J.: 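Let me begin by handing over the structure; questions about it come next.
Please read all numbers here as calculations on a predicted model, not as lab measurements.
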Amino acid sequence: MCSNALGQLACRLFTKARLQWPCARKQHRLLNPRLLVQNGRMVSHSTVDPAEVRKFQALASRWWDEQGEFGALHAMNELRVPFIRDNLLNVHSVQQMGRPLSGLRILDVGCGGGLLTEPLARLGADVLGIDPVQDSVRIAELHLSHDPALRGRVQYRACSLEELIEEEEEVKEGFHALLASEVMEHLADLNTFIDSCHHVLKPGGSLFITTINRTQLSYILGIIFAEQILRFVPRGTHDWEKFISPVELETLVESTGFSVQCIRGMLYNPVSGAWSWQQSTAVNYALHALKQMEEPQPHRVQTEGENVDEAAHAAGQ
């Protein structure tokens with residue numbers, strides 16, 4: 001089954017790691033309760049996993065080291081920035097020379113050090129980056145200070161998405177797009193998160209997600225090779241049980257009031273340090289979905305009794 005040396009090594013490592021293989025999975029995060037609405041306000045369960053916050057707290061100072069632990073995320077911009085730009089231009093008729101995203105308001109959730117926030121602001125968008133790791137936000141603000149041209153278009157906040165929602169002034173306008181790039185696999189509650197995404201987007205707004213599929217191949221490449229052998233990702237960064245398949249994600253997103261537009265496979269080559277689009281979604285993938293437009297509500301809803309009375313009156317005529 002494994003025809004080359006690399007594949008044979010992967011098979012041996014996979015066999016050796018079977019005792020750690022998470023076959024009997026715990027209750028999936030998709031089964032957690034959804035957001036509740038009380039008195040018109042959203043009451044949420046926390047999407048933040050404290051263990052994940054501690055991981056990224058320890059790495060916060062290295063966000064802008066392109067040769068360090070976040071090198072693969074820097075390289076991912078070659079795919080994800082055009083993916084976001086082109087899909088937004090298909091939805092919005094914004095065509096300002098040099099600033100194609102001018103006039104669009106974007107929320108970058110789990111922004112880290114601002115690796116994706118800044119490039120989108122350079123395309124003209126007004127971007128709010130949020131992250132629960134305060135030190136990451138400080139690094140993002142420090143890096144932003146070196147580029148005065150972006151200061152008016154980028155803001156950062158150290159908070160979670162549900163905390164942002166509680167401050168109604170910040171989200172009442174709504175966002176044209178929300179980004180959750182390499183975030184889903186670090187969350188505690190996916191239902192709450194997707195509901196929150198729906199809440200802050202304008203009708204017709206775009207949801208962009210990049211994440212990791214939950215397959216045997218993603219375990220071999222994303223954990224064994226990336227974290228244990230090549231070590232270009234710190235050991236313990238990912239938990240295979242938190243990965244989500246495209247089918248699960250599409251089902252969750254569409255059940256929350258989105259319409260999925262496309263899902264594309266991605267793959268990272270650690271030798272060349274480059275990402276490429278793939279037909280297969282077995283490891284990494286990107287998703288674009290649109291928040292469905294709100295349907296007009298009737299001015300008056302008839303009661304069951306009224307319907308019966310009208311039917312009887314019509315029959316009498």
J.: With distance as the sole test, does Ser218 use its side chain to make a donor-acceptor pair with the main-chain N or O of Asn213 at under 3.5 Å?
T.: yes
J.: A side-chain contact here means heavy atoms from C-beta on lying under 4.5 Å apart; do Trp64 and Ile139 qualify?
T.: yes
J.: Quick one: ring-ring contact (aromatic ring centres under 6.0 Å, His included) pairs with a partner in residues 116-142, sequence neighbours left out?
T.: none
J.: First locate atom CG of Leu207, then atom CG of Leu287, and finally report the distance between them rounded to the nearest 0.5 Å.
T.: 6.5 Å
J.: Give me the atom names and distance for the closest heavy-atom approach of Cys111 to Gly129.
T.: SG-C, 3.5 Å
J.: Of all the heavy-atom pairs spanning Thr47 and Asp189, show the shortest one and how long it is.
T.: CG2-O, 3.7 Å
J.: Who else is in Leu290's hydrophobic cluster (ILVMFWY, side-chain heavy atoms under 4.5 Å, direct or via others)?
T.: Val91
J.: In chain order, what residues pass the side chain to side chain donor-acceptor pair (under 3.5 Å) check against His288, with sequence neighbours excluded?
T.: Asn87, Ser206
J.: Indicate yes or no: at least one non-hydrogen side-chain atom of Leu161 is less than 4.5 angstrom from one of Thr192.
T.: no
J.: Between Arg138 and Asp135, is any pair of side-chain heavy atoms under 4.5 Å apart?
T.: yes
J.: Does Thr211 form a side chain to side chain donor-acceptor pair (under 3.5 Å) with Glu185? I'd like the steps, not just the answer.
T.: CA-CA 7 Å; Thr211 190; Glu185 62 269 26; 2.7 Å; yes
J.: Drop me the distance from His92's NE2 to Leu104's CG, to the nearest 0.5 angstrom.
T.: 5.0 Å
J.: Does the Glu162 side chain pair with the main chain of Phe193, one donor and one acceptor, at a distance under 3.5 Å?
T.: no
J.: Under 4.5 Å between any side-chain heavy atoms of Ile106 and Asp126, yes or no?
T.: no
J.: If only side-chain N and O atoms count, and only distance matters, is there a donor-acceptor pair under 3.5 Å linking Ser136 with Asp131?
T.: no
J.: Are Leu267 and Ile229 connected in the hydrophobic side-chain network, where two residues link if heavy atoms are under 4.5 Å apart?
T.: yes
J.: On a heavy-atom basis, which atom in Pro100 and which in Leu89 lie closest, and how many Å separate them?
T.: O-CD2, 3.4 Å
J.: Test of understanding: with side chain to side chain contact (heavy atoms under 4.5 Å, CB included), list the residues that count as partners of His198, not counting sequence neighbours.
T.: Thr256, Phe258, Lys291
J.: Side chains of residues 68-79: which donor-acceptor pairs under 3.5 Å do they make with residues two or more places apart or in other chains?
T.:
{"from": "Glu69", "atom 1": "OE2", "to": "Arg62", "atom 2": "NH1", "distance (Å)": "2.5"}
{"from": "His74", "atom 1": "NE2", "to": "Trp63", "atom 2": "O", "distance (Å)": "2.8"}
{"from": "Asn77", "atom 1": "OD1", "to": "Arg80", "atom 2": "NE", "distance (Å)": "2.6"}
{"from": "Asn77", "atom 1": "OD1", "to": "Arg80", "atom 2": "NH2", "distance (Å)": "3.1"}
{"from": "Asn77", "atom 1": "ND2", "to": "Leu115", "atom 2": "O", "distance (Å)": "2.9"}

J.: Just to verify, what does Arg157 make a side chain to side chain contact (heavy atoms under 4.5 Å, CB included) with, not counting sequence neighbours?
T.: Leu128, Ile130, Cys159, Leu164, Glu167, Glu170
J.: Start with the C-alpha distance between Ile165 and Val200, add both sets of side-chain angles, then the distance that settles side chain to side chain contact (heavy atoms under 4.5 Å, CB included), and finish with yes or no.
T.: CA-CA 7 Å; Ile165 289 174; Val200 302; 3.6 Å; yes
J.: Do Lys242 and His186 have side chains that get closer than 4.5 Å, going by heavy atoms?
T.: no
J.: Nearest 0.5 Å please: distance from the CG atom of Leu201 over to the CG atom of Leu178.
T.: 5.5 Å
J.: Considering residues at least two apart in sequence or located in another chain, which fulfil the side chain to side chain contact (heavy atoms under 4.5 Å, CB included) criterion with Pro82?
T.: Arg85, Asp86
J.: What I'd like to find out is whether the side chain of Leu190 reaches to under 4.5 Å of the side chain of Leu252, using heavy atoms alone.
T.: yes
J.: Check salt bridge (charged side-chain N to carboxylate O under 4.0 Å, His left out) between Asp147 and all other residues, then give those that pass, not counting sequence neighbours.
T.: Arg122
J.: Got a sec, which residues hit side chain to side chain contact (heavy atoms under 4.5 Å, CB included) with Ala51, two or more places apart in sequence or on another chain?
T.: Asp49, Arg54
J.: Hey, is the main chain of Arg99 close enough, under 3.5 Å, to the side chain of Ser102 for a donor-acceptor pair?
T.: no
J.: Would Ile212 and Glu182 count as a side chain to side chain contact (heavy atoms under 4.5 Å, CB included) here? Give the steps.
T.: CA-CA 8 Å; Ile212 310 175; Glu182 306 308 292; 4.2 Å; yes
J.: If you take all heavy atoms of Trp240 and Thr215, which pair is closest and at what distance?
T.: NE1-O, 2.9 Å
J.: Search all heavy atoms of Phe56 against all heavy atoms of Val133 and return the closest pair with its distance.
T.: CB-CG2, 4.0 Å
J.: Is there a path of hydrophobic side-chain contacts, each under 4.5 Å between heavy atoms, that joins Met266 and Leu217?
T.: yes
J.: Consider ring pair (Phe, Tyr, Trp, His ring centres under 6.0 Å). Of Tyr285, Trp275, Trp277, which one does Phe83 pass it with?
T.: Trp277
J.: Does the side chain of Met184 reach to within under 4.5 Å of the side chain of Ile194, using non-hydrogen atoms?
T.: yes
J.: May I ask you to say whether Glu241 pairs ionically with Arg214, meaning some side-chain N is under 4.0 Å from a carboxylate O?
T.: no
J.: How far does CD of Gln228 sit from CD1 of Ile220, to the nearest 0.5 angstrom?
T.: 11.5 Å
J.: Gln292 and Ser259: side-chain donor and acceptor closer than 3.5 Å?
T.: no
J.: So do Leu120 and Ile84 actually touch side chain to side chain, heavy atoms under 4.5 Å?
T.: yes
J.: Enter the distance from Leu187:CG to Ser46:OG here, rounded to the nearest 0.5 Å.
T.: 9.5 Å
J.: Output the rest of the hydrophobic cluster of Leu144: all Ile, Leu, Val, Met, Phe, Trp and Tyr residues reachable through side-chain heavy-atom contacts under 4.5 Å, sorted by chain and number.
T.: Val137, Leu150, Val154, Tyr156
J.: Between Val183 and Ile209, is the side chain to side chain contact (heavy atoms under 4.5 Å, CB included) condition met? List the steps.
T.: CA-CA 8 Å; Val183 169; Ile209 293 173; over 6 Å; no
J.: For Ser181 and Thr210, test the side chains for any donor-to-acceptor distance below 3.5 angstrom and give the result as yes or no.
T.: yes
J.: For Lys55, enumerate each residue passing the salt bridge (charged side-chain N to carboxylate O under 4.0 Å, His left out) test, keeping only those at least two apart in sequence or located in another chain.
T.: Glu52
J.: Taking all non-hydrogen atoms of both residues, which atom of Pro119 and which atom of Leu116 are closest, and how far apart?
T.: CD-O, 3.2 Å
J.: Is there a donor-acceptor pair under 3.5 Å between the side chain of His176 and the backbone N or O of Gly205?
T.: no
J.: Under the rule for ring-ring contact (aromatic ring centres under 6.0 Å, His included), what residues qualify as partners of Phe175, not counting sequence neighbours?
T.: none
